[in-house]
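Heads up, the thing below is written out as structure tokens.
A note on names: the letters A, B, ... follow the listed sequences, proteins ahead of strands, and every chain is numbered from 1.
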Amino acid sequence: MSDKQHLYLVDGSAYIFRAYHRLPPLTNPEGTPVGAVYGYTTMLWKLAEELHKANGPTHLAVILDKASKSFRNDIYEDYKANRPPPPEDLVPQFPLIRDATRAFSLPCIEEEGLEADDIIASYARAATRKGWDVTIVSSDKDLMQLVGTCAENKDDPEFPGGGCVDMLDTMKNQRIGPEEVADKFGVPPEKVGDVLALMGDSVDNIPGIFGVGPKTATKLIQEHGSLAAALDAAPDMKKSKLKERLLEGREMAELSRILVALKEDAPLPMPMEDFRLNEIPPQPLIDFLSTHGFSSLLKRVEAGTGSPARPTELNPAKADRDKEAAPSSPEGNRQPLPDMPAVDRSAYICVQDEATLEDWIARAFAAREIAVDTETSALDAMGADLTGISLAIGPNEACYIPLGHGGSDMFAEKPAQVPLERAVALLKPLLESDAVLKVGQNIKYDINVLARHDIALAPIEDTMVLSFDLDAGRSEQGIGGGHGMDELSERHLGHTTMKFKDVCGTGKKAIPFGEVPLDKATEYAAEDADVTWRLYQHLRPRLAAESGTRIYERVDRPLIPVVAGMEREGIRVDRDALARLSQEFSERIAGLEKDIHEIAGEEFTIGSPKQLGAILFDKMGYKGGRKGKSGQYSTDQAILEKLAAQDAPIANKVLEWRQLAKLKSTYTDALQAAINPRTNRVHTSYSLVGAQTGRLSSTDPNLQNIPIRTDIGRQIRKAFVPEKGNVLLAADYSQIELRLAAHMADVPPLKEAFDKGEDIHARTAEELFGTVDRDTRARAKTINFAILYGISRWGLAGRLGVEADEAQAMIDRYFERFPGIQRYIVRTLEEVREKGFSETLFGRKTWFPRIGSKNQNERQGSERAAINAPIQGTCADIIKRAMARMMPALTEAGLGHVRMLLQVHDELVFELPESDVKAASTVIERIMGEAALPAVSLDVPLAVEIGTGASWDDAH
DNA sequence: TCGTTCACG
DNA sequence: GACGTACGTGAACGAG
């Protein structure tokens, strides 16, 4: 063996992320998640075993990221700003990485202000300069810049041979040398930095050049030789998108080049000679492995099969820094509102006695406008218990009233609190007083919590709904659709709120809010009320200024208590019927599975599109082609149906298997689990801000997608039943979106057909094709829907199974027969481009910030959505208006006991005594049919179809 | 977490 | 120059 030294540099931080996603979520005997640590440990093990082997390590060190900020943030403050926080069950594993490294008696290097990549680069350079070889254990593309022979040393007699750098991906067990890098990037390693600078990196938030991806970046560097040359050549390129982008993005690319460059001259925290890898002392390793229950590795140590050992001293000073606090999130630096002091959590009061509570109630009455927030033991308003209430009456004037704190530890003393009953009795007049406005963030939740204590919270305002009515579509999608309090606070107040998880923890270690110490609970809860109060002051004036008053006051705000009531009602489901279905589906699934495996000739996971694709197209040789950027075969319904038509018996079996598996997991199993034990009914939760168009959405469980289109699926609908003596009544708007399109786009022939109660698709077929038969009617129906969704010739062609030319001809014909439709589309798009938003007949706005995007896909997607939004949104407005008026109208007719249970976009479901069906139907039909009036007078009638029965299915 | 698939309007 | 192509949702699952 030669004397050549070989330094292994392990990129520990990057490794653990990959290990986390690759390995199952193991926990150690104490319940701490250790899956990623296990992966890391086995990797070190493997590397240690390589000692003494040819090309194995003589020296080894683990390099870790110290903190999230580095010198790159000084150059570009948004560097890594897009990084999502690490998963919660990974966080506790970070310190364990150091424990594991120490258990192997290996050095662990980390340095403030430097990323692991920079430390690795600096060691690699220093080592190659001495003629050592270096292997970087990582698969990070940034590090690929370092791969290769260190040319500068090659001819230097002092360092015979020069040092080589390669990389090792231990997960794929793959060496990455210059050729592999060239394969991946199309350029040699020393030019990888130029390519990276052009393409950017969304995860690290390296800007790169917009619209330039890996392919284009590679091509540019190949052609011009370097980033600088490519940028210099831009002015002489022929006119193209790319040229514009290069000219526009020059600065960003140059900045990116600096960001992706690795720092190769950082001071080395420890001489690399100290990284010498020796036999590993067994005891620390044994201790570590047994603590975490890694028994198979433990056995191998004890059997003496693994013991390289001790390098130099560890770095004991670093151990103390393990528990470094997470870096605080970047403070939003927007101005606070004028005349409002900054949020000061120390000003909040914890109310623990009656006298103080009475004082706050008196002040709240005087304030006339207060924010209210309830804290509960869990997230589900129907199942959770009240833990406390906070009130805010002005900026920093907020209190928290604990009502259910302590109690889980029976030996600990409960904190002093006003007894729940007493507090509720004192607060009720305030919370129900017409003279005091109660503002909440998602106040529907608080309404439902308080309703269980016989408090009818009113009158109300909701900052979440306000934000939605002003800004729907403006922000990125996310939890709360961009209307969550933390986001709103950041955006409008420039204030970073305390996060629930910082107070209660997350995952297994999470504690209920009632176990949070009162000082901390007060800071958190009172801040929520304070921030809500401030947001209201900020958002409410915008309503009038931005013409949002109409939709908020006339449609959305009145709906809040109505939807809250529907959620509290819930709907009964027949548990036994669902259990029988689950059983039946299980058996049929098992049978199909057997058949499918038999036909395939092997066992595989049918639910894995990847495996299924491999079986169908690789093994069995059916034609079907690749699809999607993942390079995976598509196996969706349309493809399988094509295969079935090609006489592939396996396809039908898979289709049936899919259907049954879906129905079982999503419906028959899940719905049984969703039955509330207190009420014995299923209570969905509606989101008022869930869909950008103004529709509601339904979650936990979603009751807006219960099957209806197939017989087997309808079995599930049969399990939705009334209480004994009652029936379910379903009232549907018939063809409401087409009716609205006919009105809004002014299409006389369609309006006339609706007026006369004709079959609208038949009428369309008549207009388009001159004849009506099954085929032309079906085509006309498809086209009608295509219009509502923003048509494209390719989309229509795909649906109709014709060529794009033919589809285009039909579209042309449609526009010719119904010129109003084309005018509507043009007008709508012009308006959206000009103003940035679309509007419904009732003034609901939906913003389309990407309508002017340079990205064709993005832009056209926005255009289609913008064509659809006014129609879908107007439909949502209309049924919302009907819902808000429904119970008062029924009550006036002496039918106050009729219960409105569900909304499914164009349908309302009620439960009522059979004897009231006739009277109630009259009221329901009238309220729904007249819902647009008096604000809007439609040119088409709104037809309502009503059915009743002993189940939701029977009601259709 | 992401992509795929599929349930609904 | 290729790609993916109808609008709006939510849930489950496999894979990395």
*Only one of Arg717(A), Lys718(A), Gln715(A) forms a side-chain hydrogen bond (donor to acceptor under 3.5 Å, both in side chains) with Asp953(A), so which one is it?*
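The passing option is Lys718(A).
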
*Could you check whether Thr846(A) gets within reach of a base, just the sugar-phosphate, or nothing at all, counting any heavy atom under 4.0 Å?*
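Nothing, no nucleic acid heavy atom in range.
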
*At under 4.0 Å between heavy atoms, what does Arg695(A) touch on the DNA or RNA strands: base, sugar-phosphate, or nothing?*
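Arg695(A): base contact, heavy atoms under 4.0 Å.
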
Is any side-chain N or O of [X] closer than 4.0 Å to OP1 or OP2 of [N]?
| X | N | result |
| --- | --- | --- |
| Ser697(A) | dG8(C) | no |
| Thr635(A) | dT5(B) | yes |
| Gln611(A) | dA15(C) | yes |

Rounded to the nearest Å, what distance is computed from the [atom1] atom of residue [X] to the [atom2] atom of nucleotide [N]?
| X | N | atom1 | atom2 | result |
| --- | --- | --- | --- | --- |
| Lys880(A) | dG9(B) | NZ | C1' | 15 Å |
| Asp732(A) | dC8(B) | CG | P | 14 Å |
| Leu738(A) | dC7(C) | CG | C1' | 13 Å |
| Asn702(A) | dA11(C) | CG | P | 6 Å |
| Gln735(A) | dG9(B) | CD | P | 12 Å |

_Testing the basics here: between Gln735(A) and Ile760(A), what is the closest heavy-atom pair and its distance to 0.1 Å?_
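Between these two residues, the closest heavy atoms are NE2-CG2, 3.8 Å.
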
*Where Val904(A) and Gln704(A) come nearest, the two heavy atoms and their spacing*: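 Looking at all heavy atoms of both residues, the closest pair is CG1-O, 3.7 Å.
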
*So is Lys664(A) actually on top of Phe585(A)'s ring, under 6.0 Å and inside 45° of the axis?*
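No; the conditions do not both hold, so Lys664(A) does not lie above the ring face of Phe585(A).
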
_Counting distance alone, no hydrogens or angles: does the base of dG8(C) have a donor or acceptor under 3.5 Å from a partner atom on the side chain of Asn868(A)?_
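Result: no qualifying N/O pair found.
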
*Ignoring hydrogens and angles, are the base of dG9(B) and the side chain of Arg709(A) linked by a donor-acceptor pair under 3.5 Å?*
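By the distance-only test, yes, there is a pair.
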
